[in-house]
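Below is one structure; the comments refer to it alone.
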Amino acid sequence: MILIPILLALGTWVLILRLCNQHKFLNIFEQLALWFVMALSLFVFELFLEWIVFDKLSLILPIVTFMLSLWIFIYKCIKYKYFRKEILNSIKHTFSEVKLQFILLKERQKYVVILILIYVLLKLFMVFSINTHMPTFDEDAVGGRDIKTKIFTENKSLVLDKSSPEFLGSALERNIFAPLTDTYFLLSNDSNTSWYTNIVSALFYCMSILILFWIILRKTNLLFAMLGAYIFASLPFVFIHWLGAYRNFIGWVFIFIVMFYLIDQILNLDKNNPEKKSLKIPLMIILFLASTIRNESVILIIISFVTIFIINYFTRKGEKINIMSYVVPLIGVVIWYLSGKFILKLYPADSSLIMWNPKIWDILPNLSANQDLFVAPFKQMFFHPDYILLYLLFSISIILFIRNYKKMEKLLCFFVLIIVLMGVSILILFSDMGMWILTHFAYIRYSIFLVPFIIYFTTMSLFLSKNE
């Protein structure tokens, strides 16, 4: 039964395709991953609305949304005969392109690609096996999230009564959208929820590989796309960090998807292909979970938009900048944030959720209290050889980027964004975590929060450098 919500989310991509026409610009697997994330964000919001109106959680609204989208899709296929053919041709083109690239590889490169593919598939099997057959454990974040997931699922409602013994010490002020995301997948499974509260982590691990691989493939070639997949699959965060704080990574998958397609598609509009603008629809929906699943997500998203705007303003002098391309998504973020904050304060009246606020004035005291804070962020890379590989490649890619800037100018947005987000996250952790910085920063957040950005930037810079 757990397959029902998974298939609902996966099946949404083809239904909304007609509205966005992204099959003309993105390959089939990019679309699958993108629409899965979008559908999940939409469905979690619908669950939230169900709770606000009916105090009940069910899959009724997601199913209604799916059926309505299916009807629209069938109607469009009947009305526009060419549409179905376009989709099928885009799928055939993706597979034929991969086949052709594999044929053109040298013999040794073919073996490398096959071995990496086997390795990634084995890693996926391990991730699904471990994360769906072992309950989460942690005395703090995951303990609270896991307990809430079980409570929400069994009660079919967002039980937020702080005095209820069901909470078992769970922190009420923690964001409810993380456990609600898990709950979506468990609502159709009444038999046993204890062993599936990590299903979303395994699904996002799979979707992350899909979207990274096919984005890089569209930009480079099969060999470099496989290199990116290998680097990602080699990182041990899914085992070291996932059970302890996997929301750190999932939150960044959402932010990466929004920022990548904002830069790559919406802000790089081809005058001959104005339909790229239609990608704003799914991005606006994705921004719901992107801005709510982590406490600091809103401030990081806003800073990302501002950073990208400033970079484009100074690097595209003489070009007209479409300010609405930046403002419209940000309006969505503000609406998501304010509505969630307002509604959660209404119910229950005596135990409203506390919204997170960084204590900027605590930065200097925290820094002066423990000098180890300066070196803590860099310790993680020495705990596993593949972290060393990632940061070594990232360092090399930075040198190549600076040395060959004119040839890699298109990567400027991603490079500056990585540096800015890294700096802002450090300040947030210094200001809010205090002495917990040593664990949260060195062992969890710093090592994984920018993984998709770093892998994309590293792979692209190596590819462009090799080509030039």
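We use all heavy atoms of the structure for the numbers below, so side chains are in, but hydrogens, waters and symmetry mates are not. None of the values given here were measured: they were computed from a predicted structure.
Across P179 and F152, no two heavy atoms sit closer than the pair CG-CE1, 3.8 Å. Of all heavy-atom pairs between L10 and L32, the closest is O-CD2, 4.3 Å. In terms of heavy-atom proximity, T292 sits nearest to F288 at OG1-O, 2.7 Å. When all heavy atoms are compared, the tightest approach of I286 to M38 is CG1-CA, 3.6 Å.
Listed by first and then second residue, the salt bridge (charged side-chain N to carboxylate O under 4.0 Å, His left out) pairs that reach into residues 39-54 come to none, sequence neighbours excluded.
Within a 6.0 Å radius of CD1 in I60, no more than 12 heavy atoms belonging to other residues, nucleotides or ligands are found. More than 12 heavy atoms of other shown residues, nucleotides or ligands fall within 6.0 angstrom of atom CZ in F102.
Checked by atom type and distance alone, the side chain of T153 never pairs as donor or acceptor with a backbone atom of L187 at under 3.5 Å. No donor-acceptor pair under 3.5 Å is formed between the side chain of D55 and the backbone N or O of S157. Within the 3.5 Å criterion, the main-chain N or O of L222 finds a donor-acceptor partner in the side chain of Q101. Between the S291 side chain and the V298 main chain, no donor and acceptor come within less than 3.5 Å of each other. In this structure, the side chain of Y184 engages the main chain of P5 through a donor-acceptor pair within 3.5 Å. The closest donor-acceptor contact from the side chain of S90 to the backbone of I87 lies under 3.5 Å. Not one N or O on the side chain of S41 forms a donor-acceptor pair closer than 3.5 Å with the backbone of V37.
In this structure, F95 has its ring center under 6.0 Å from that of F29. No close placement of the F128 and Y205 rings is indicated, their centers lying 6.0 Å or farther apart.
The closest side-chain heavy-atom distance from L212 to F256 is below 4.5 Å. Residues R218 and D264 form a side-chain contact, since some pair of their non-hydrogen atoms from C-beta on lies under 4.5 Å apart. With a 4.5 Å cut-off on side-chain heavy atoms, F45 and F177 do not count as touching.
Separating the CE atom in M259 from the CD1 atom in I255 is a distance of 6.5 Å, to the nearest 0.5 Å. Atom CD1 of I116 and atom CG of L121 lie 12.0 Å apart (nearest 0.5 Å). L26 CG to Y261 OH: the interatomic distance, rounded to the nearest 0.5 Å, is 5.0 Å.
Remark: A33 pairs with M207, L210, I211 by the side chain to side chain contact (heavy atoms under 4.5 Å, CB included) rule, at least two apart or across chains. Among residues two or more places apart in sequence or in another chain, the side chain to side chain donor-acceptor pair (under 3.5 Å) test is passed with K85 by none.
The aromatic rings of F463 and F224 sit perpendicular to each other, their planes meeting at more than 60°, with 30° as the lower class boundary.
When each of F232, F415, F414 is tested with Y456 by the rule ring pair (Phe, Tyr, Trp, His ring centres under 6.0 Å), just one qualifies, namely F414.
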